[in-house]
Amino acid sequence: MSISSEHKPLGKQVTGSLHTVSPIVELNVGGEMYTTTLSTLKKHPGSKLAEMFTGQPKLRTDSEGRFFIDRPGTYFKYILEYLRSNQVPTQCIQDVYKEALFYDIEPLIKQLEDSPQIFGELVARKQFLARVPNYSENIELMIRIARAEAVASRRSSVIVCVVRTEEDAARCQDALNSLDMDKKSVVKFGPWKAAPSISDLLDCIQMDVGAKGYKISFQPHVAEKGFRFKSHDYFYKFLFTWW
């Protein structure tokens, strides 16, 4: 007497405790396929990744029975390399950092934050921008103004007033009152108490608007009529190019 039955490979099991799962695990991470061991995935017990494979299964599976993680698969290989050999990635640092945060792998997060790219962004640039009042809100305001002026146009221009000190802010207001323009459409940045200069802030604005997918450039704005302050000391024209 023979008994026939269908068996799924243990590595694809989705019911019961993960203690019964094969030590070899197949993963589908955002469409990229990986094979690793359960011990590798659980190397850092406090991480979100380890929790996914601890106790009852917490993941869905694809049509082939592989555990599915809905994250960018391209960068998971760097996460896996770190778990296997403690190798900190030297490529795609910003993207791998986002994945390390998602999987909550604390040792990797700390090592990436010591890298020049992440250190410069988090400790230097972000700390500076945190001291510029309403920086993020002003970036969004610039984009709204540019989009409102984009009808049947190849480019939109947004006038930005940048002031480094309280004294500059007062002088800028006087200059603004002399300019022949809609004052509501001028976006003001500053003042701030930090070492970076006006040119540093202008670079940050261009970088952050560009990171949102916009093609942007800037130049000093020269007023069409004279007044007692040089307009280019405070005013800059940012150009959004649409096509």
Side-chain angles (χ1 to χ4, degrees), residues 6-127 129 136 139-140 143 204 206-216 242:
E6 274 187 32
H7 295 280
K8 283 189 176 181
L10 290 175
K12 299 178 182 178
Q13 184 173 329
V14 296
T15 59
S17 170
L18 272 167
H19 292 300
T20 64
V21 174
S22 167
I24 307 301
V25 180
E26 294 183 2
L27 299 173
N28 177 346
V29 185
E32 299 282 339
M33 310 308 165
Y34 294 94
T35 301
T36 186
T37 66
L38 197 57
S39 60
T40 296
L41 296 170
K42 296 170 65 175
K43 183 173 181 179
H44 297 285
S47 69
K48 181 177 178 179
L49 183 62
E51 290 178 359
M52 290 178 181
F53 296 92
T54 301
Q56 294 295 113
K58 302 174 179 65
L59 295 170
R60 293 173 294 172
T61 57
D62 65 11
S63 59
E64 297 297 321
R66 291 174 290 237
F67 289 110
F68 179 72
I69 302 176
D70 194 12
R71 295 294 297 179
T74 304
Y75 310 115
F76 189 73
K77 66 181 179 181
Y78 300 109
I79 300 293
L80 213 49
E81 284 178 7
Y82 177 77
L83 294 175
R84 287 168 172 163
S85 60
N86 291 323
Q87 180 179 339
V88 179
T90 57
Q91 304 177 53
C92 309
I93 300 296
Q94 298 281 357
D95 294 303
V96 176
Y97 179 66
K98 292 177 185 177
E99 297 310 296
L101 288 172
F102 174 78
Y103 294 114
D104 195 22
I105 304 173
E106 193 64 32
L108 177 57
I109 292 171
K110 289 181 178 178
Q111 290 183 70
L112 287 173
E113 287 179 346
D114 283 337
S115 69
Q117 298 94 323
I118 303 298
F119 179 87
E121 177 68 13
L122 294 181
V123 177
R125 201 175 83 91
K126 285 290 177 67
Q127 289 297 316
L129 296 179
S136 297
I139 292 291
E140 296 301 325
I143 292 171
C204 287
Q206 184 176 30
M207 182 186 307
D208 289 330
V209 175
K212 294 179 181 290
Y214 295 93
K215 185 177 180 182
I216 186 173
W242 302 105

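All values below come from the heavy atoms of this structure, side chains included, with hydrogens, waters and symmetry mates left out. All residue numbers in this chain count up from 1 along the given sequence.
- Here the closest non-hydrogen pair linking P72 and V29 is O-CG1, 4.1 Å.
- Proximity of C204 to R125: side-chain heavy atoms (C-beta onward) are separated by under 4.5 Å at one or more points.
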Legend entry - Test log, rule side chain to side chain contact (heavy atoms under 4.5 Å, CB included), inputs F76 and T36: CA-CA 12 Å; F76 189 73; T36 186; 5.8 Å; no
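- Residues K42 and T54 come closest through the heavy atom pair CE-OG1, 3.7 Å.
- The CD atom of E140 lies 10.0 Å from the CG atom of D208; values are rounded to the nearest 0.5 Å.
- Annotation: the span from L27 atom CG to F68 atom CZ amounts to 11.0 Å, rounded to 0.5 Å.
- Q111 and Y82 form a side-chain donor-acceptor contact under 3.5 Å, judged by distance and modelled atom types alone.
- Taking CE of M52 as the start and CD1 of I69 as the end, the distance is 5.0 Å to the nearest 0.5 Å.
- Inter-residue side-chain proximity for I118 and Q94 is flagged as met; some heavy-atom pair is nearer than 4.5 Å.
- Looking at residues two or more places apart in sequence or on another chain, you find no side chain to side chain donor-acceptor pair (under 3.5 Å) involving R84.
- For the atom pair CE of M33 and CG of N28, the computed distance is 4.0 Å after rounding to the nearest 0.5 Å.
- For L108 against A100, the heavy-atom pair with the smallest separation is CD2-CB, 3.8 Å.
- Between G46 and D104 the shortest heavy-atom distance is O-OD2, 3.9 Å.
- Of the candidates I105, I79, T74, E99 forms a side chain to side chain contact (heavy atoms under 4.5 Å, CB included) with just one, namely I79.
- In this structure, the side chain of K43 engages the main chain of L83 through a donor-acceptor pair within 3.5 Å.
- Under the side chain to side chain donor-acceptor pair (under 3.5 Å) criterion, Y34 pairs with no residue at all, not counting sequence neighbours.
- The two residues S115 and I93 have their closest heavy-atom pair at OG-CG2, 3.7 Å.
- For the residue pair Y75 and V96, the shortest heavy atom distance occurs at CB-CG2, 4.4 Å.
- Rounded to the nearest 0.5 angstrom, I24 CD1 and T37 OG1 are separated by 6.5 Å.
- The distance from atom CG of L80 to atom CG of L41, rounded to the nearest 0.5 Å, is 7.0 Å.
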